[in-house]
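Both counts, for ligands and for their atoms, begin at 1 and track the order of listing. The figures here come from the full heavy-atom set of this structure, side chains too, leaving out hydrogens, waters and symmetry mates.
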Amino acid sequence: MHFTYYGHSCFAVEIKGKNILFDPFVTYNELAKNVDVDTIEADYIFLSHGHEDHIADCISIAKRTGAKVVCSWEIHVWLNNQGISNTHPMNTGGKWAFDFGTVKCVVAHHSSGLPDGSYGGSPMGFVFTSEQGNFYYAGDTALTLDMQLIPQYAALNFAVLPIGDNFTMDAKDAVQAARFVQCHKIIGVHYDTFGFIKIDHEKAVHLFAEQGLKLFLLQPGETTDI
Ligand code: NI
Ligand code: MN
């Protein structure tokens, strides 16, 4: 699968020719200043939760591309009220077969207020299964024992985990998360963007390597095959 990192927790995966974008936050991210948000293609936009640093560019990209936005029921209503009608509401525990594969919404321990103070419903992680491979995006979350369920849903090719601490897991907890979900290839997200989540890259990579795991820290704009 082609994986493109756009900085913070924003990334895209291409499956069966569909561009699937996650948690769009580019315009206000200093570290992603080399990424032109107006060139990002999307057939789908998945939102893990309603915080600004995960949805800031959602409305503009959805309007330009016509992408279907997949999110909690509450965020779906909020988007509908702002003129984004191509949405698919889901909630934790549910799954849906899309044209590229199946997505199951799983528990994330976090919060989910929208930028105007509206309630965003439960935050979520996503388990993707497809003919081209399987992966897990944890969203913003603490380390949680619920992650141990994920191997029952899919044998993962890779997992996308937050590692920045303060608002989410740190790298050490993410190593434990990788063991819970039984995945050796981890793409780190949600680090360095703000003062609160600056990390030591070498130390993080070393923590994973010690356990025989590979941590990928990509540059915003970087595409890789994984
Ligand atoms: Ni958040
Ligand atoms: Mn966040």
Side-chain angles (χ1 to χ4, degrees), residues 3-13 20-33 35 37 40 42 45-62 69-79 82 89-92 103 105-127 135-144 146-147 159-174 177-178 181 186-199 201 204 215-220:
F3 182 104
T4 303
Y5 184 54
Y6 293 116
H8 198 51
S9 287
C10 181
F11 60 95
V13 176
I20 305 161
L21 181 67
F22 295 81
D23 288 352
F25 175 75
V26 175
T27 305
Y28 304 104
N29 182 0
E30 249 316 282
L31 300 180
K33 59 180 185 294
V35 176
V37 72
I40 296 175
I45 301 172
F46 279 77
L47 303 177
S48 64
H49 64 294
H51 289 159
E52 183 89 39
D53 60 319
H54 297 259
I55 70 162
D57 291 306
C58 178
I59 290 176
S60 67
I61 296 173
V69 184
V70 185
C71 55
S72 70
W73 172 263
E74 290 80 0
I75 297 174
H76 143 88
V77 171
W78 186 81
L79 288 170
Q82 299 192 53
M90 294 186 76
N91 211 332
T92 324
V103 180
C105 300
V106 294
V107 168
H109 274 297
H110 194 63
S111 57
S112 183
L114 285 153
D116 63 3
S118 301
Y119 172 57
S122 294
M124 298 190 285
F126 303 108
V127 178
F135 68 95
Y136 164 55
Y137 170 43
D140 279 10
T141 184
L143 175 64
T144 160
D146 293 293
M147 291 168 177
V160 182
L161 303 178
I163 57 170
D165 207 350
N166 193 74
F167 297 114
T168 68
M169 299 189 282
D170 64 359
K172 194 169 172 225
D173 280 351
V181 304
I186 305 300
I187 295 173
V189 295
H190 214 274
Y191 63 93
D192 284 358
T193 321
F194 322 112
F196 292 124
I197 59 173
K198 295 238 185 292
I199 66 159
H201 291 208
L215 176 67
F216 297 84
L217 298 178
L218 303 177
Q219 293 297 320

Exercise. Mind checking whether Phe194 and Asn166 have side chains closer than 4.5 Å, heavy atoms only?
Worked result: no
Exercise. Any chance the side chains of Thr193 and Asn29 put a donor and an acceptor closer than 3.5 Å?
Worked result: no
Exercise. Is a side-chain donor-acceptor pair under 3.5 Å present for Asp140 with His51?
Worked result: no
Problem set entry | Test side-chain contact (heavy atoms from CB on, under 4.5 Å) applied to Tyr137 and Phe22, step by step | CA-CA 9 Å; Tyr137 170 43; Phe22 295 81; 3.8 Å; yes
Problem set entry | Taking every non-hydrogen atom, the tightest pair across Glu74 and Gly120 | CB-C, 3.5 Å
Exercise. Is His110 close enough to the Ni ion (ligand 1) to have an N, O or S atom under 2.8 Å?
Worked result: yes
For this session: Measure from the Ni ion (ligand 1) to each N, O or S atom of Asp53 and report whether any distance is below 2.8 Å.
Result: no
For this session: Test side-chain contact (heavy atoms from CB on, under 4.5 Å) on Leu161 and Val181 and set out the steps.
Result: CA-CA 11 Å; Leu161 303 178; Val181 304; 5.6 Å; no
For this session: Walk me through it: do Tyr191 and Leu217 pass the test side-chain contact (heavy atoms from CB on, under 4.5 Å)?
Result: CA-CA 10 Å; Tyr191 63 93; Leu217 298 178; 3.5 Å; yes
Exercise. Closer than 2.8 Å to the Mn ion (ligand 2), how many protein N/O/S atoms do you count?
Worked result: 4
For this session: Take Phe11 and Ile187 through the side-chain contact (heavy atoms from CB on, under 4.5 Å) test and state the conclusion after the steps.
Result: CA-CA 10 Å; Phe11 60 95; Ile187 295 173; over 6 Å; no
Exercise. Taking just the N, O or S atoms of Asp140, which one is nearest to the Ni ion (ligand 1)?
Worked result: OD2
Exercise. Of all N/O/S atoms in His51, which lies nearest to the Ni ion (ligand 1)?
Worked result: ND1
